[in-house]
S.K.: 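Quick one: the structure is below, questions incoming.
The sequence lines fix the lettering, A, B, ..., with proteins before strands; numbering per chain opens at 1. Side-chain atoms are counted along with the backbone in the values below, which use heavy atoms only and exclude waters and symmetry mates.
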Amino acid sequence: MIQLHNIDKHFGSQHVLKDVSLQVAPGQVTALIGPSGSGKSTLLRCINLLETPSAGQITLGDASLQFGHDHAQPGRQDIHRLRLQTGMVFQNFQLFPHRTALENVMEGLLVVKKWPRAQAEARARELLQQVGMAHKADAWPGTLSGGQQQRVAIARALAQSPGLLLCDEPTSALDPELASEVVAVLRDLAANKMTMLIATHDLRLAATLADTVVFLEDGRIVEQGSSRQLFLQPQNPRTASYVSTLKEGLPEDW
Amino acid sequence: MPEWLKLMVESLPPLLYAGLVFTVPLTLLSFACGLSLGFVTALVRLYGPKPLADGFRFYVWLIRGTPLLVQLFLIFYGLPKAGIVFDPLPAAVIGFSLNVGAYTSEVIRAALLAVPRGQWEAAYSIGLTWAQAMRRTILPQASRVAVPPLANTFISLIKDTSLAAVLTVPEIFQAAQRIASVTYEPLILYTETALIYLAFSSVLSAGQQKLEARFGQHLHQAQETK
Ligand SMILES: Nc1ncnc2c1ncn2[C@@H]1O[C@H](COP(=O)(O)OP(=O)(O)OP(=O)(O)O)[C@@H](O)[C@H]1O
Ligand SMILES: [Mg+2]
């Protein structure tokens, strides 16, 4: 079970996340939508602790951390443990350019998990296969298309079998054709019951992939519900107006 | 054999001896110490606590703003007045290392900053610690940027070690001065000396290209397949 309790985040005087509570059921895909600057990236980054929440509680599987003045700052070990429960996919891939596709996927297994090389390589090849990139195992990231890089990045994020995959606008740096090959990989993962939290501006992605959609505005969760409900019968007028601006992106059978 | 060539051939062994026994070790040792110092300085200035970072910034400012020759004189002739006495060679190594440290720290700092922040985040996101991210993700990419300017510093250093002659270190230039003063052939001797320095720095430039190729593997390959 993935639970966020009353997460607050301040950047200086700016209050970016306001009392965000969220549950992600195992095996489900949750899409995080909302206007630019609403705090989607910050929320994802708080979950894997690239940012430290100002207050609140994060529970991932059997690891749980509390933040805020009343609690001791979490130690490095705690952060490390929680972080290993998540994998992160970045908008602009962030593959290590000096390592081949295969080495990118192996990195965490070798360095963090301390697996023997052969075992790490076997696992990495298997993951590349899964994202359809086995034929490019020995390629440098710089020689790959954006869509290919993002698929390798997904394999890298999955290497240590995290319980939750965080994707921050995984397709928004890609043209539609390349985006669709990444969406296909994500759909495949969803079919295999991978728990995912995806921040996206792409309603098509959210509508076709997500079980639950969360609408975030100005650091607050305004509304959440099944993707059908949120897109077709939004309860909150703010949600309705945001969704309506993006409706053109929806598939025809909606 | 003409006289000048004969003199050159005869003086080659003592000059090469001075080069191999003094200039080369002095250069390598000073560069190794200086590079380590530069690395530490860069790290402290980027990631260290403010007072310490300020201390290192002061050091860089001091060294870069004063002539190397004055620094060497201060260490070898000045400090003994304060009760701190060095032999010529250690004095030279200290002077050159401090100098190299100050200049390379700026190069290393810039190279580390040139690696996008997202690379740190990608490394952290797969569970690497700060030290692991630095060593395996950031440094290899920063090295690519840093090698050419560091090689420049290194080549400057080879030539600058001739200043150690004024600290009575019997390196190439001092050996040349000694021979020139007994043969009265400064033109020939100093030409030969210049050629020896040229040979040394040329060998090192070749080494630089090897290093660049190594750290830039992924770039070369990327260009080839495009
Ligand atoms: N490191 C930071 N320091 C200061 N302010 C920040 C930082 N990161 C984000 N912010 C601010 O927090 C707010 C939320 O940013 P965030 O990137 O989470 O939004 P977002 O919903 O992901 O937007 P987008 O759709 O444009 O990606 C913005 O106002 C942003 O300026
Ligand atoms: Mg964002």
Side-chain angles (χ1 to χ4, degrees), chain A residues 41 44-45 47-51 76-77 79-101 103-114 136 138-145 149 152-153 155-162 165-168 173, chain B residues 39 43 46-50 107-108 110-151 208-226:
Chain A
S41 299
L44 293 187
R45 294 161 58 81
I47 296 174
N48 72 354
L49 299 174
L50 287 176
E51 304 285 359
R76 215 176 293 177
Q77 278 300 323
I79 290 177
H80 185 74
R81 220 155 52 90
L82 199 77
R83 199 172 265 161
L84 286 186
Q85 309 272 339
T86 66
M88 180 84 166
V89 175
F90 299 90
Q91 179 172 358
N92 47 5
F93 332 129
Q94 295 295 354
L95 290 178
F96 306 129
H98 58 302
R99 301 197 185 281
T100 63
E103 290 169 343
N104 263 276
V105 183
M106 289 167 66
E107 184 73 359
L109 296 171
L110 290 177
V111 182
V112 181
K113 286 268 162 81
K114 307 258 190 298
K136 291 285 190 182
D138 296 320
W140 300 108
T143 65
L144 300 176
S145 76
Q149 289 188 54
V152 174
R156 179 178 68 179
L158 292 173
Q160 299 178 70
S161 313
L165 187 65
L166 304 167
C167 305
D168 193 0
Chain B
F39 187 59
L43 287 188
L46 283 175
Y47 311 110
K50 177 97 166 64
V107 170
I108 295 167
L112 289 173
L113 287 174
V115 180
R117 227 170 78 96
Q119 287 289 303
W120 279 104
E121 299 185 340
Y124 285 146
S125 77
I126 58 168
L128 267 56
T129 62
W130 185 90
Q132 289 167 337
M134 177 53 98
R135 193 162 48 80
R136 300 189 53 99
T137 307
I138 307 305
L139 267 185
Q141 295 182 59
S143 300
R144 166 72 201 157
V145 183
V147 165
L150 288 181
Q208 170 196 350
Q209 278 168 11
K210 281 228 171 80
L211 267 182
E212 271 181 57
R214 215 196 100 165
F215 286 113
Q217 251 179 19
H218 58 286
L219 299 175
H220 295 292
Q221 201 114 350
Q223 275 156 11
E224 273 161 30
T225 49
K226 251 170 205 162

S.K.: For A:Arg99, which atoms come within 4.5 Å of any heavy atom of chain B: side chain, backbone, both, or neither?
M.R.: side chain

S.K.: When rounded to the nearest 0.5 angstrom, what distance separates CG in A:Leu110 from CD in B:Gln132?
M.R.: 11.0 Å

S.K.: Contact part of B:Arg135 toward chain A, heavy-atom cut-off under 4.5 Å: side chain, backbone, both or neither?
M.R.: neither

S.K.: Using a 4.5 angstrom heavy-atom cutoff, name the option from B:Pro116, B:Gly127, B:Ala123 with the most pairs to chain A.
M.R.: B:Gly127

S.K.: Is A:Phe90 close to chain B through its backbone or its side chain, or both, or neither, when contacts mean heavy atoms under 4.5 Å?
M.R.: side chain

S.K.: Does any non-hydrogen side-chain atom of B:Leu128 lie less than 4.5 Å from one of A:Glu107?
M.R.: yes

S.K.: Please evaluate residues B:Ile126 and A:Phe96 with respect to the criterion side chain to side chain contact (heavy atoms under 4.5 Å, CB included), reporting the C-alpha separation (whole Å), side-chain torsions for both, the decisive distance (0.1 Å), and the verdict.
M.R.: CA-CA 12 Å; B:Ile126 58 168; A:Phe96 306 129; 3.9 Å; yes

S.K.: Non-hydrogen atoms of chain B under 4.5 Å away: do they reach the side chain of A:Thr86, the backbone, both or neither?
M.R.: backbone

S.K.: Calculate, to the nearest 0.5 Å, the distance between atoms OH and CD1 belonging to B:Tyr124 and A:Ile79 respectively.
M.R.: 10.5 Å

S.K.: Tell me whether A:His98 contacts the main-chain N or O of B:Arg144 through its side chain, where contact means a donor paired with an acceptor under 3.5 Å.
M.R.: no

S.K.: Say you draw a straight line from OG of B:Ser125 to CG of A:Leu84; how long is it, rounded to the nearest 0.5 Å?
M.R.: 10.0 Å

S.K.: With a 4.5 angstrom heavy-atom cut-off, which part of A:Arg45 approaches chain B: side chain, backbone, both or neither?
M.R.: side chain

S.K.: Verify the distance criterion only: is there a donor paired with an acceptor across the side chains of A:Gln94 and B:Gln119 at less than 3.5 Å?
M.R.: yes

S.K.: Chain B heavy atoms under 4.5 Å from A:Leu95: which part of the residue, side chain, backbone, both or neither?
M.R.: backbone

S.K.: Please flag which part of A:His80 lies under 4.5 Å from any non-hydrogen atom of chain B: side chain, backbone, both or neither.
M.R.: side chain

S.K.: Report the C-alpha separation of B:Glu121 and A:Met88 in whole Å, then their side-chain angles, then the decisive distance to 0.1 Å, and conclude whether the side chain to side chain contact (heavy atoms under 4.5 Å, CB included) test is met.
M.R.: CA-CA 9 Å; B:Glu121 299 185 340; A:Met88 180 84 166; over 6 Å; no

